Every structure is written in structure tokens, then in C-alpha cells.
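Letters A, B, ... mirror the listed sequences (proteins, then strands); counts begin at 1. Only a predicted model underlies this, so the values are computations on that prediction, with no experimental measurement involved.
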Amino acid sequence: MPGRVSDPGETSIVPVSPKPLEPVNVPIRHGLTPPISRVAISWSNGNSLRVSFFRQPSSTSNTEEVGGKVVEVKLSDGDGEIDDAKWRRIAYGSATPFALLQNRKNLSQLPMASSQHHRFEWWEHVMEFSRGINSLLGDPLASVDSIIEDPRMVVEKVEKPTNLKAAWELMEIFYADKRSQAWLPERLVDWLTVIDYDILLSGSCETVHSKLLDFQTDLDNIQVVEDSPKYWEVISSALAVGWLEIVVKLLHLHGSYQLDQLGNRETENGLVEAIAVLISKMPRLRPEMLAGKLGECCQTKPDFAKAWERWRAQLTKLDCSAYWVQCDHRQTREGLRHMLQIMLGNANSLNDATCHWIELYVSHLLYIRPFTAGLESMNSLAQKCIDMKPISSPHKLMGLLTGILSESTEVVLGECSRAFGPWMVCHAIELLSAGSNQAEVLLHEEPYNLGGISIEVLQRLAYAQVLSSHELTWQIAPIYLASCMKQGMGLLEILLYKQPVQHKQLLLKNIEICRLYELDSISSNIMKVAGVHHWKHGRKGPGVFWLQQACDEVRLNRISQHLFDFVGKSISDESFKQWDRLIELLGSETRIAGGLEFLHKYRDFKRSLQHVIDAKTPDAARQAVESLILLMKNPSTPQRFWLPLLHDSLKLLNWEERPLLNVSQTTLLLNKLQELSMARLRPDFVESDLPPQALSAVRLALAMNLGRAILEE
Amino acid sequence: MTVTEPVKIYKLPQSKYIDNVRWLPPLSAFDCLYALAVFDSDTNTPSLEIHSITKPNPQKPELHSTWLSPSRISSLRVSNSLIAAATYGGSLHFLVPDSAEGLVESGRENELHTGGIASVDLMEGECVSVGEDGRVNVVRVRDGLELTGVFDSHGLAAYSAVKWASPTEFVTGGYGFGLQWWDQRKPGGPVFKFKANWVHGANSGIVHSVDIHPSRKHTCLAGGSAGTIFAWDLRWPQQHIFLSGVGMNESTTHSPCESEVWEIQYDVYMQSSNIKASSAWILPVMSCSEDGILAVVEQGEEPIELLAEPCAINGFDIDKQNPSDVICSLEWESVAILTRP
């Protein structure tokens with residue numbers, strides 16, 4: 001029908017809640033006295049806002065009052081289950097398994113390595129990765145070790161598992177663990193029972209687990225349990241979801257087991273025991289039984305079919321037995337027969353005994369359709385159970401489970417992202433793409449509307465952005481960025497540029513990352529930034545060091561001009577000692593120093609001059625002359641140093657014994673002097689603070705030296 | 001030197017970034033104390049925490065006391081029961097752990113350095129501090145603080161590590177793999193200087209940590225960039241002894257790591273393999289690095305790796321009372337305690 005506006009509820013794959021989110025009020029305490037003239041808001045690190053308050057500049061001269069204040073407001077992520085510190089721990093811990101998996105992926109794509117790697121199936125690598133991640137999400141629920149087992153303790157109080165761990169395990173069962181494909185229903189039963197995820201559902205509605213907990217508290221006040229209707233109700237519920245150990249334990253609380261009553265309640269006790277034995281003999285189609293769990297394990301389908309038939313026959317036989325008539329205790333009789341009905345798969349009994357649809361679903365898988373195989377039939381059964389027990393508020397785990405059962409990769413991705421955030425999507429994609437070819441195609445194709453990158457890469461980039469936004473986690477973002485062929489390296493460069501350079505430790509960590517990913521140009525740019533930063537803050541040594549590390553000759557030349565201003569003004573033998581440190585920092589002459597190279601030669605010249613004054617030997621003097629000529633010849637020697645240099649070497653020029661400079665050397669120096677006189681006329685000439693007669697003294701000395709040199713030659 | 005029993009490693013997650021870690025002398029006979037300079041990124045608060053553990057099983061540490069610092073702690077030293085904490089804000093604080101009142105601040109210098117203190121060292125109530133601003137200060141802690149500025153290079157030099165050699169002498173390390181020997185009786189600048197002469201081409205480095213063995217004051221040990229650990233003997237000031245580092249042609253050196261060596265300390269627990277060692281022989285050295293290696297290096301020996309982590313090990317400390325115990329701070333907000341057999 002043209003023009004019809006489609007109902008979003010029908011077509012959207014992921015249900016979108018139509019009601020807008022409630023606004024959240026966050027009170028901020030700024031402690032300023034009003035009036036406040038201006039408020040500025042900007043994003044700070046991660047999930048926090050930076051709010052700046054400015055007061056009206058007060059006319060009353062109350063100078064002690066601060067003019068404003070900046071407050072950081074942390075916005076909660078809405079999920080109180082896992083706090084920030086815990087998320088960071090998960091982020092740290094998952095980086096290594098992720099990097100290892102990517103590494104293996106790259107290795108397996110090499111043609112030469114394939115033969116060696118095919119011995120190890122790919123899914124086994126994925127499983128290793130999954131187990132690594134799983135161990136981070138919480139410890140396996142260890143039951144409290146008590147030396148004396150309390151027979152009346154039916155449900156152990158355990159630490160509440162997280163939804164995240166439950167979700168991860170679901171993904172692992174359905175996508176990563178290829179061994180579980182043959183016995184998915186049993187895995188699902190385990191998921192709900194062994195791992196006690198039923199607790200998680202308790203928050204929103206009543207579950208078998210919450211029923212058991214209630215009964216546990218009542219248990220202390222009940223003398224004769226078998227008289228209580230609640231006892232039988234709880235037993236049936238636990239049986240329906242397959243918590244066989246708890247059922248047997250509860251049955252053993254039955255009054256007929258007590259020694260004083262055993263005599264006159266023999267038949268009754270026999271029936272209870274018969275049920276308990278049948279329960280513990282229930283056949284299960286699975287490779288192995290977990291330790292401490294009841295049931296008989298059948299590894300192949302024919303075995304299981306036989307065992308199942310035999311067990312059912314025993315149940316029917318007991319159901320038709322004549323002993324029921326002899327049982328005087330009404331509640332026991334009815335309770336036990338109800339349990340038989342559950343085991344025989346009476347749909348109504350199962351429906352009554354369970355609360356949540358997933359519990360009903362599990363009971364169906366256990367007692368009515370134990371041969372269910374394949375996701376399609378599992379899905380249709382799940383849909384049936386949802387119809388039978390609809391729930392008002394959708395639970396995030398159930399959303400994920402229905403997505404998985406309906407074999408819709410898009411829904412699974414959507415649910416992961418909506419309920420568990422970018423970390424989950426980024427890592428769960430590894431499991432998804434290992435799960436099926438169809439999912440892999442979907443995750444790896446590069447559609448135009450995503451900017452030519454795949455969903456997998458997109459999600460990794462999104463997660464890397466989350467990591468980058470926090471000052472403690474940015475260092476693991478490169479691992480994820482580097483795994484994205486497209487866009488990743490570009491974003492990595494931006495990330496590295498964004499890091500502050502003030503702290504040496506942070507700067508070095510940054511440069512180390514550059515080294516690991518062979519980003520030499522980035523690294524040298526960062527060093528340049530650091531160098532200029534130090535220079536600007538008056539730390540000349542570190543400034544020069546970093547510019548030198550970056551081989552930045554241009555900037556070294558520029559700053560050398562500034563340095564020479566400083567040197568030129570305060571040059572005396574005493575203050576030059578300070579420069580020694582900087583010159584040493586510059587290192588050997590092979591290192592790039594730009595204009596600072598002059599400092600080296602200048603120091604050498606000063607030293608040899610000092611040597612001449614101390615020793616007064618012709619050899620030392622000749623050496624000093626060599627350095628002087630080298631300095632004057634060198635184009636990097638700044639013009640403003642020419643006159644001071646020559647003035648310093650007057651002693652050499654006026655050497656008494658014989659002229660130390662030959663004709664050509666003297667001519668060179670005279671030419672330099674001439675050049676200097678010309679340069680004086682230029683406006684930017686810097687006058688040295690030598691006495692005014694310095695120039696004429698040098699000129700005279702040079703002229704005399706020239707005369708003596710000519711005579712000698 | 002064979003380690004027969006494995007080293008026991010206990011990891012203690014902190015949910016705060018660890019800036020520094022040091023063992024403390026015990027207050028009573030039963031507990032074992034360590035100080036952590038931490039930074040809580042959720043609340044943006046830096047602080048100093050003292051934790052206590054019981055020995056055979058250090059897995060459940062108890063928070064003993066906390067002191068809020070004005071800015072993040074860049075360097076932390078302990079001498080007897082005095083703690084010196086230097087900050088990136090340039091202030092220096094002296095704290096005394098007290099069993100009743102927790103941590104008591106006994107004195108502070110607010111603006112010793114501009115742009116943060118890089119390193120401090122404490123010996124017999126005298127604290128020397130250095131910074132990238134090129135200043136060297138000595139603060140005397142006896143009935144109040146007395147500051148004696150030793151030297152100011154006006155930013156021409158920058159120092160990143162310092163260690164006392166004797167009550168009057170100390171050694172500093174800085175940019176360009178330089179080491180300087182100072183004597184308070186001879187003011188006006190360093191008495192001896194050492195400059196790395198192995199640096200060719202563009203790659204020079206920074207000394208991050210220096211150490212001096214109390215029985216061999218003439219030998220300075222230094223660790224820094226590119227996995228470099230070297231020793232400098234004052235008696236032969238133009239030479240150096242290389243223990244580890246990248247790009248060395250000498251085949252005798254084995255480098256446990258390639259990146260920044262953040263901290264080094266003489267490892268008094270390890271017995272030197274060379275029993276008749278002359279005083280020129282360098283004793284075993286423990287080092288931790290950016291690439292996550294905690295190792296013991298000895299001259300001419302294969303390094304012994306104690307811990308290899310996927311993240312950086314930013315610092316460590318060997319317990320003076322019980323040198324088999326090592327505590328180290330890991331980049332990923334946790335602390336590891338190692339007990340050697």
C-alpha cells in the first residue's frame with residue numbers, strides 16, 4: 001500500500017524502546033558564592049564532563065574570593081554491575097589474548113605456515129582466547145568449603161555472577177566451542193543450572209532460584225517438611241529445571257528417613273527413595289558428567305535412546321505401582337506423583353513448576369524433547385515457551401539468547417552492543433566469525449555505507465576510541481588499532497600525537513609505542529614537540545636533547561641563535577663552565593647539532609687558549625691558532641663572535657718569539673675583519689660588549705703579524 | 001647460580017595507577033609494610049597509601065593508612081622510618097608512619113623545583129632532590145627543615161636520578177647518559193663528570209635510575225634508555241663497564257630488555273658467582289623495564305628473568321630487612337610481590 005508509514009516495531013530487528021530515556025539530575029557542588037555569570041561545559045576524559053563556573057568580577061574589592069571554579073562531573077554509564085576500575089581490569093586483561101589471537105590469525109594466513117597450523121584447528125585457538133577472556137570476567141563460582149556439610153543447606157549463597165560473564169559464556173557455547181555443537185541443549189541446561197545464571201534473572205521476576213532461597217529461610221521454622229505444600233512445590237520446580245542434586249538433597253529431608261519413623265512409614269520411605277534413585281539415574285546425552293552431578297551419561301544417540309526408553313519405562317511402572325494406595329501421607333503421595341509427571345514430561349506440570357520462560361524451555365529440553373538438535377528446532381521451541389510465559393520487562397541476557405537461537409548475527413551484535421557495550425562487541429566478534437561462514441561474511445564484507453570498512457573493523461575502532469579516551473587505558477588502544485588494516489594506523493598516529501609531552505615517563509612510553517609499530521616519523525615529530533616544549537619552559541638542556549634525538553637541524557639552528565645571545569653577553573671563563581654541561585649533552589661531533597656545533601669548537605678553542613696561558617709553549621700556541629683558523633673558516637660560526645674570538649687571541653697574534661700565523665692565515669682574518677666592518681652598517685648587527693678600542697687593537701695586531709709573516713717568508 | 005625452587009609471585013590488583021612503591025620497616029614484629037604512591041583516576045586524587053601484609057600469604061593486604069598528596073608523587077624514598085615523597089608539582093614532603101595516627105606529615109618544602117621533582121634520595125635525615133629544571137637541592141631534616149640549594153644550572157642541564165654515596169657526596173644522572181659526582185664540601189658544580197662515549201649517531205638516552213653499593217662507594221650504577229645498564233668507576237673515570245643494552249658490539253653482554261630501564265638496584269640477595277671478586281667486579285643488579293621484564297643482571301652472565309609481564313614494570317623495591325622479597329608496580333594498576341626461595 002503506497003504511502004503507508006511502516007510501523008517501526010514490526011520491521012526493526014532489534015527492538016527499540018519507544019519511550020525516551022529519563023533525564024538524570026546530577027547535583028554539582030561548586031562552593032562559589034553567587035552570582036555566577038557564566039557556565040561553560042566541555043567533555044573531559046572518558047565519560048566525564050568538565051563544568052567551569054565563572055563569577056561576576058565583583059566591584060567590591062573582596063580579593064580573597066576566587067573568581068571561578070572547574071568541576072569534573074562523572075556521568076555514570078547506567079550499568080552499575082561493573083564499575084570503571086573493573087572495566088579497566090577487563091580491558092587490560094583482554095588485550096593480551098586478543099593480540100595473541102590476531103597474531104595467530106596473521107600467521108595462519110601465511111602460505112608456508114599453513115601445513116603446520118592445520119594440525120591445530122582454528123576454533124581451538126578461538127576457544128583458548130575465549131577461555132582467557134572468560135577467566136577475567138569473574139572467578140568460577142567456588143562453593144564455600146565447609147568441613148561439615150549442613151544437610152539442611154539446600155542452596156549455597158554464592159557471589160552474584162555478572163551478566164557480562166553469563167553473556168560471554170552463551171557466546172562461547174554457541175559460537176566458539178565446536179565440541180558442544182552436538183549437545184547444545186545440555187550445554188544450555190548447564191549454563192542455567194551449573195553456573196547458576198538463574199540468579200541473574202531473579203532481579204526482575206520470580207524464578208526457581210528465588211523460590212529456593214525463600215524456602216531456605218523458611219526451612220528453619222518448619223518441623224515436618226513433608227506437611228508443607230511449599231516443600232513439594234520447591235522440589236518440583238527444582239526438578240523441572242534439572243537441579244537434580246538439590247532435589248535429592250531435599251528429598252532426604254523427608255520425615256520418613258528419620259530413624260524413629262522408619263518403621264511405621266516403610267512404604268512411604270520406599271517410594272521417596274525410589275524417586276530419588278530414579279532421579280539420580282536419569283540418562284543424559286552428553287560426553288561427560290561434571291563432578292558431583294547426578295545422572296547417567298550417554299555419549300552416543302543410540303545409547304541414549306535405549307537408556308531413555310528404559311528410564312521412562314521404569315517411571316511408568318512406578319507410576320502404575322500399587323504402593324501408592326498404601327501410602328498414607330497425602331502430601332507425600334501427591335508430591336511424588338507430581339514429580340513423576342514432571343519426569344514423564346507432562347507439559348502442564350512443567351508449566352506449573354517453572355516461572356521464567358527459560359526455565360520452562362530448559363524443562364522441555366530435559367523431559368519432553370531430549371533429542372532436540374539444531375538451532376532451528378531449538379529456536380521454535382524457545383518461541384513456544386516465550387508465548388507460554390511472556391515476560392513484561394525484557395532481560396538483556398534473554399535478548400541475546402533469542403538472537404543466538406534465531407541465528408541472526410545482526411541481532412546478536414545489536415544486543416551485545418546495546419546491553420554490554422563496545423568491549424563486548426569488539427571481542428565477541430572473534431567468536432561470532434569463528435561460529436559460522438555466514439556470520440564471517442557479514443562481519444568481513446566492506447559495504448559502501450560503512451565507509452568501505454567492515455563491521456569487525458568498525459567495532460574495533462569504536463572500542464579503541466573508548467580506550468583512547470582514558471588516561472590509563474590509551475596505551476592498549478594501539479593493539480586494537482594496529483589490527484585494523486584500514487583507518488587503524490591513521491587513528492593510531494592521531495592518538496600518539498594527542499598525548500601530552502610534559503612528563504618524561506609518558507613521553508618515553510609514547511616513543512616506545514612508536515618504536516614497536518615502526519612509526520619513525522611520528523616518533524621524531526613527537527620528540528620535536530617535546531624539545532620545543534622544554535625549550536619554551538626554559539629547560540634548554542632537555543630541549544636541545546630532544547631536538548637532537550629528532551635530528552631536527554632546522555630548529556637546532558634557530559635555537560642556537562637564541563643561545564648565542566645568551567653566550568655572547570656573559571662570556572667569561574667563569575660562566576662558560578655552565579655551558580660545559582650543555583656542550584657535553586651535545587655529544588661527540590658526529591652527532592647532529594646544527595648551529596650548536598659551534599659551541600663545541602668554541603669550547604675546544606677556549607681550552608687550548610687556556611693551555612697557552614698556563615704553559616706558554618710554542619706547540620700549545622700553534623694548536624690554539626689551528627683551532628682559531630678552523631673556527632673562523634667554519635660558516636656556522638656566528639658573525640658576532642668573530643671580534644670576541646680575535647680579541648681573545650690577541651696573545652697569539654702578538655706572540656713574541658715569532659709570528660704564529662702565516663701570510664694566508666693572516667689575510668683570511670683581515671678579510672673577516674673587513675667583512676665585519678661592512679656588516680656593522682646593517683641595522684640588525686649585534687654589537688659585542690667589548691671595549692671600544694678592541695677593534696683597533698685587533699687590527700693593529702693583525703697588521704703587525706702580517707708584516708712579520710711576510711718578512712719571515 | 002641455579003634457582004631450584006620457583007619464585008612465588010602474588011599479584012594484587014589495585015584499581016589505581018601505581019606511581020611508586022617502597023617497602024617500609026615494620027612497625028611491629030608481625031606485620032610487613034609497604035608504601036604505594038597511587039593515583040585514582042576516577043576521582044583524580046593522588047595519595048600515599050600504606051598497606052600491611054602477613055608473610056606466608058601476602059594475598060590479602062590491609063590498608064593501614066592514607067595521606068592525600070597535593071599532586072602525583074614522582075619519587076618516593078624511605079630511610080629508617082622517614083618517608084620522603086616528591087611530587088610532579090615540585091613539592092617535597094616528609095612523612096612518618098605512626099601506628100596510632102597513620103601517616104603524619106612532619107615537614108614540607110613547597111616550591112623546590114619548577115616543573116616537578118624528578119628524583120629524591122634520603123640518607124640520615126638529609127634529602128637531596130633533582131629536577132629537569134637543572135636544580136640540585138639538599139634539605140636537612142633535623143628539628144625543622146633547613147634548605148641548602150646546592151646548584152642551579154638554569155635549565156642548561158637536566159637531572160633525572162640521584163643517589164647518596166656518603167653523607168656529603170652524591171651522584172646524579174641525566175640526559176645524554178651523563179653521570180655527575182657531587183661533593184657538598186666543594187660547591188659550585190659537580191666534582192667529576194662522566195659522559196657516555198659509546199653513543200654514536202642519533203640515539204642517545206636518559207639515565208632513569210642510579211645506585212651505589214654501601215660497600216663500594218666508588219662505583220656508580222646507572223640504568224636508562226634502550227635497555228642500558230652500565231657502571232662507572234670513579235677510579236677510572238674515563239671508562240665504563242657495560243652490563244646490558246641494545247646495540248652493543250661486545251658479545252659478552254646479554255640484554256634482558258630493549259626499552260627503557262626504569263629502575264635499577266643492587267641485588268643483595270643474589271650471591272655473586274665470582275667469589276674472589278675484586279672490587280672492580282660489579283655485583284648483581286636487579287632491573288625493571290618498560291617491556292615488562294624484571295631481571296637480575298650480572299657481569300658476564302646470562303640475565304635471570306624473574307618476571308615477564310605483558311605491561312610495563314614501572315618500579316620495584318627489594319626489602320632491606322628480607323632481601324628475598326621484591327615488590328614491583330605494574331602499569332596495569334596492580335602490584336606484584338615476589339618471594340624468592
Give a yes or no on whether a salt bridge exists between A:K509 and B:E260, defined as a side-chain N under 4.0 angstrom from a carboxylate O.
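Answer for the salt bridge query: no.
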
Beyond-backbone contact of [X] with [Y], side-chain heavy atoms, under 4.5 angstrom:
{"X": "B:W332", "Y": "A:T96", "answer": "yes"}
{"X": "B:Y175", "Y": "A:K504", "answer": "yes"}
{"X": "A:R515", "Y": "B:S259", "answer": "yes"}
{"X": "A:Y92", "Y": "B:L330", "answer": "no"}

Could you tell me the separation between the [atom1] atom of [X] and the [atom2] atom of [Y], rounded to the nearest 0.5 Å?
{"X": "B:E132", "Y": "A:H503", "atom1": "CD", "atom2": "NE2", "value": "10.0 Å"}
{"X": "B:H208", "Y": "A:L508", "atom1": "NE2", "atom2": "CG", "value": "5.0 Å"}
{"X": "A:Q549", "Y": "B:I206", "atom1": "CD", "atom2": "CD1", "value": "7.5 Å"}

Side chain, backbone, both or neither of [X] within contact of chain B (heavy atoms, under 4.5 Å):
{"X": "A:H534", "value": "side chain"}
{"X": "A:I476", "value": "side chain"}
{"X": "A:Q505", "value": "both"}
{"X": "A:R88", "value": "side chain"}

Considering all heavy atoms of both residues, which atom of [X] and which atom of [Y] are nearest to each other, and what is their separation?
{"X": "B:G176", "Y": "A:F545", "value": "N-CE1, 3.6 Å"}
{"X": "A:P542", "Y": "B:G155", "value": "CD-O, 4.0 Å"}
{"X": "B:G115", "Y": "A:R539", "value": "CA-NH1, 4.4 Å"}

Is it the side chain or the backbone of [X] that comes within 4.5 Å of chain A heavy atoms, both, or neither?
{"X": "B:A118", "value": "neither"}
{"X": "B:N44", "value": "side chain"}
{"X": "B:E290", "value": "side chain"}
{"X": "B:T43", "value": "neither"}

#### Entry: Choice from A:Q475, A:H537, A:Q502 maximising heavy atom contacts with chain B below 4.5 Å
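Ranked by heavy-atom pairs under 4.5 Å with chain B, first place is A:Q475.
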
| Largest heavy-atom contact set with chain A, pairs under 4.5 Å, which of B:P310, B:G189, B:S41 |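 That would be B:S41.
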
